[in-house]
Amino acid sequence: RLRKWQRRIRVSNATERNLAFALSELDRMASALGLPRTVRETAAVVYRKAVDKNLIRGRSIEGVAAAALYAACRQCSVPRTLDEIEEVSRVSRKEIGRTYRFISRELALKLMPTSPIDYVPRFCSGLNLKGEVQSKSVEILRQASEKELTSGRGPTGVAAAAIYIASILCGERRTQREVADVAGVTEVTIRNRYKELAEELDIEIIL
Amino acid sequence: MSESSIKIENVVASTKLAEEFDLTVIESQFEGAEYNKQKFPGLVYRVSDPKAAFLVFTSGKVVCTGAKNVADVHTVIGNMARKLNSIGIKTIENPQITVQNIVASADLHTILNLNAIAIGLGLENIEYEPEQFPGLVYRIDEPKVVVLIFSSGKLVVTGGKSPEDCERGVEVVRQQLDNMGLL
DNA sequence: GCTTTAAAAAGTAAGCT
DNA sequence: AGCTTACTTTGAAAAGC
């Protein structure tokens, strides 16, 4: 009856209002992170799928939006760390990680863990390092992976160490502090990783 | 066959020692007992002969954690009951003790490729986020345990109710990795 | 979901000398 | 650059918010 229709309209309004809010949140966060349109669109698709599967129940729109963006960055091979997503969202890293695990499982995203290689372009441009250094970094990371030097280590730390080494080998040296700052890790981590890489891959670093 | 040994690191058990407890009295009589009702409803008490920690509740129920084996759990709970008796608190005679969880460690003695294992076991069956934690999380249905797999080959098994659950969990992992040629 | 307990694994982090 | 302490993850129970 008329009442039923009013209710549907009300629900519909609320649903549309929530979706609009979620999409604006995705846009706001994506802009803050300087992400390309394709990633925002991917995140929107993930969010809509989550809505269609009623995965929002018991969860905040902000949390699901942040998790969707985190997932989208990984799907597009331009990963952001949970810390970076947390900085532009108003949800805790713990909540984002928990929601990501949930939607990742429910939507069967089947994402491989983030590869250190995917961080190379962004970190290198942040350090004004050219393509040659990027190529060298990727080469080092491929060897590192083959020699089992990346399992269990933080992808950003390994990527940072490879870039640090590559910058020196290419005569474009960046300090551990500079690399650490763009990668969001400590100098200690870069030191630990680069010593291991240099030793196991027989790379001589002349400082 | 000695390489399949696991080391039990922690045993958690629960029991009921009385119908009710006045935690304020216990706190004043037991050296080192901590009790802040607003912080946590249970009284915390640590013992050292076999090392363990107790959480004592007003309902008379008790949680014992930190013991290194199942036998120690019974020993420390028995000691706890005698300690309570010594300050004039009556306790239930043969309390039913339930082991709720056992944490154990093991070693496969091989460096592991966690990415390969993630694919081999199936991305939908595992959780592996090296950005967050270095171990790969693998949940097994039978026995119902959770195994943390590290690139060093070391394992942590938890969630089991008996040492056998933990041992079987390790064997399941060893066999699956072996079948996939990842050992 | 949180609070509190204990313990291992390995990586990363922070504070201090 | 070390060393120490501490936090990340997993599991379970307890009583109450």
Side-chain angles (χ1 to χ4, degrees), chain A residues 58-60 81-83 92-95 97-98 101 150-158 160 176 180 183-193 195-196, chain B residues 6-17 20-21 23 34-47 50-69 72-73 76 97-108 112 114 126-140 144-161 165-166 169:
Chain A
R59 261 162 279 269
S60 69
T81 62
L82 282 177
D83 285 330
S92 71
R93 193 192 64 170
K94 189 168 187 176
E95 180 63 27
R98 167 196 335 218
R101 274 181 227 164
T150 60
S151 274
R153 280 95 172 174
T156 55
V158 184
Q176 292 181 2
V185 296
T186 63
E187 294 169 287
V188 178
T189 294
I190 293 196
R191 220 168 283 136
N192 291 335
R193 292 301 128 239
K195 280 180 182 171
E196 184 175 46
Chain B
I6 60 163
K7 182 186 180 190
I8 294 179
E9 307 284 358
N10 182 24
V11 178
V12 181
S14 60
T15 189
K16 185 174 182 181
L17 289 181
E20 65 175 307
F21 279 135
L23 300 185
E34 304 166 17
Y35 181 45
N36 299 298
K37 197 181 197 322
Q38 29 271 69
K39 190 184 179 190
F40 186 67
L43 174 151
V44 179
Y45 184 61
R46 298 177 176 76
V47 295
K51 188 181 176 187
F54 286 94
L55 297 180
V56 184
F57 300 86
T58 56
S59 64
K61 291 185 177 179
V62 171
V63 170
C64 174
T65 183
K68 288 294 183 185
N69 57 65
D72 281 355
V73 168
V76 291
I97 298 172
T98 308
V99 172
Q100 303 287 176
N101 182 32
I102 293 181
V103 180
S105 58
D107 193 350
L108 297 179
L112 303 171
L114 299 185
I126 62 93
E127 277 176 28
Y128 174 44
E129 299 292 334
E131 174 195 327
Q132 177 103 147
F133 186 69
L136 182 154
V137 182
Y138 184 39
R139 291 183 169 75
I140 301 174
K144 189 178 176 294
V145 297
V146 175
V147 183
L148 304 184
I149 306 174
F150 297 86
S151 64
S152 64
K154 298 278 187 63
L155 311 173
V156 169
V157 191
T158 185
K161 303 279 191 197
D165 284 349
C166 300

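Numbered from 1 within each chain, the chains take letters A, B, ... in sequence-line order.
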Tabulate atom names and distances for all N/O pairs under 3.5 angstrom spanning the protein and nucleotides 15-17 of chain D.
residue, atom, partner, partner atom, Å
dA15(D), OP1, S59(B), OG, 2.5

Next on the checklist: Tell me every residue that passes side-chain hydrogen bond (donor to acceptor under 3.5 Å, both in side chains) with S14(B), counting only those two or more places apart in sequence or in another chain.
Outcome noted: Q100(B)

Next on the checklist: If I take atom CG in residue L136(B) and atom P in nucleotide dA8(C), what distance separates them, rounded to the nearest angstrom?
Outcome noted: 22 Å

Checklist entry - What are the two closest heavy atoms between G152(A) and P134(B), and how far apart are they? => result O-CB, 3.1 Å

Checklist outcome for this item: R153(A) and V158(A) have their tightest heavy-atom pair at CB-CG2, 3.6 Å

Next on the checklist: Taking the side chain as everything from C-beta on, heavy atoms only, tell me whether F21(B) gets closer than 4.5 Å to L43(B).
Outcome noted: no

Checklist entry - Shortest non-hydrogen contact from R193(A) to G157(A)? => result CG-O, 3.9 Å

Item to check | NZ/NE/NH1/NH2 to OD/OE distance under 4.0 Å, E95(A) and R59(A) | outcome: no

Checklist outcome for this item: Across all chains, not counting sequence neighbours, the side-chain hydrogen bond (donor to acceptor under 3.5 Å, both in side chains) partners of N192(A) are none

Next on the checklist: Less than 4.0 angstrom from a charged side-chain N to a carboxylate O is my criterion; do R93(A) and D83(A) meet it?
Outcome noted: yes

Checklist entry - Using a cut-off of 4.0 Å on non-hydrogen atoms, how would the nucleic acid contact of R98(A) be classed: base, sugar-phosphate, or nothing? => result sugar-phosphate

Checklist entry - Of E196(A) and A52(B), whose closest DNA chain C nucleotide lies nearer the 5' terminus? => result A52(B)

Item to check | Intra- and inter-strand pairs of DNA chain D in dot-bracket (Watson-Crick or G-U wobble, both distances under 3.5 Å; | for another strand) | outcome: ||||||||.|..|||||

Checklist entry - Y128(B) side chain to Y138(B) main-chain N or O, any donor-acceptor pair under 3.5 Å? => result no

Item to check | Between dT9(D) and dG1(C) - P atom distance, rounded Å | outcome: 13 Å

Next on the checklist: Please report the distance, rounded to the nearest Å, between NZ in K68(B) and C1' in dA6(C).
Outcome noted: 8 Å

Item to check | Length of the line joining L112(B):CG and dA10(C):P, which is rounded to integer Å | outcome: 11 Å

Checklist entry - Rounded to whole angstrom units, what separation is found between the CD atom of E34(B) and the C1' atom of dT3(C)? => result 14 Å

Item to check | P atoms of dT8(D) and dC2(C), separation to the nearest Å | outcome: 11 Å

Item to check | Side-chain donor or acceptor of K68(B) paired with backbone N/O of E9(B) under 3.5 Å | outcome: yes

Checklist entry - Starting at OH of Y128(B) and ending at C1' of dA10(C), how long is that distance when rounded to a whole Å? => result 11 Å

Checklist entry - What is the distance, rounded to the nearest whole Å, between atom CG of N36(B) and atom P of dA14(D)? => result 22 Å

Checklist entry - What distance, rounded to whole Å, do you find between the two P atoms, one in dA6(D) and one in dT4(C)? => result 15 Å

Item to check | Residue whose closest nucleotide on DNA chain C lies nearer the 5' end, K51(B) versus G153(B) | outcome: K51(B)

Checklist entry - Along nucleotides 12-17 of chain C, 5' to 3', which nucleotides get a B, which get an S, and which get a -, given that the test is a protein heavy-atom distance under 4.0 Å? => result SSS---

Item to check | Interatomic distance where CD belongs to E129(B) and C1' belongs to dG11(C) [whole Å] | outcome: 15 Å

Checklist entry - So, for F54(B) and C64(B), which heavy atoms are closest and what is the spacing to 0.1 Å? => result CE2-CB, 3.9 Å

Next on the checklist: If I compare all heavy atoms of L114(B) with all of S151(B), which pair ends up nearest, and what's the gap?
Outcome noted: CD1-N, 3.8 Å

Checklist outcome for this item: Result for side-chain contact (heavy atoms from CB on, under 4.5 Å) between P50(B) and one of V76(B), N69(B), V73(B) points to V76(B)

Next on the checklist: Between C1' on dA10(C) and CD on E131(B), what's the gap in Å once rounded to a whole number?
Outcome noted: 16 Å

Checklist outcome for this item: Its contact letters, B for base, S for sugar-phosphate only and - for none at protein heavy atoms under 4.0 Å, make nucleotides 4-13 of chain D read ----BBBBBB

Checklist entry - If you look at every heavy atom in C166(B) and I6(B), which pair is closest and at what distance? => result CB-CD1, 3.6 Å

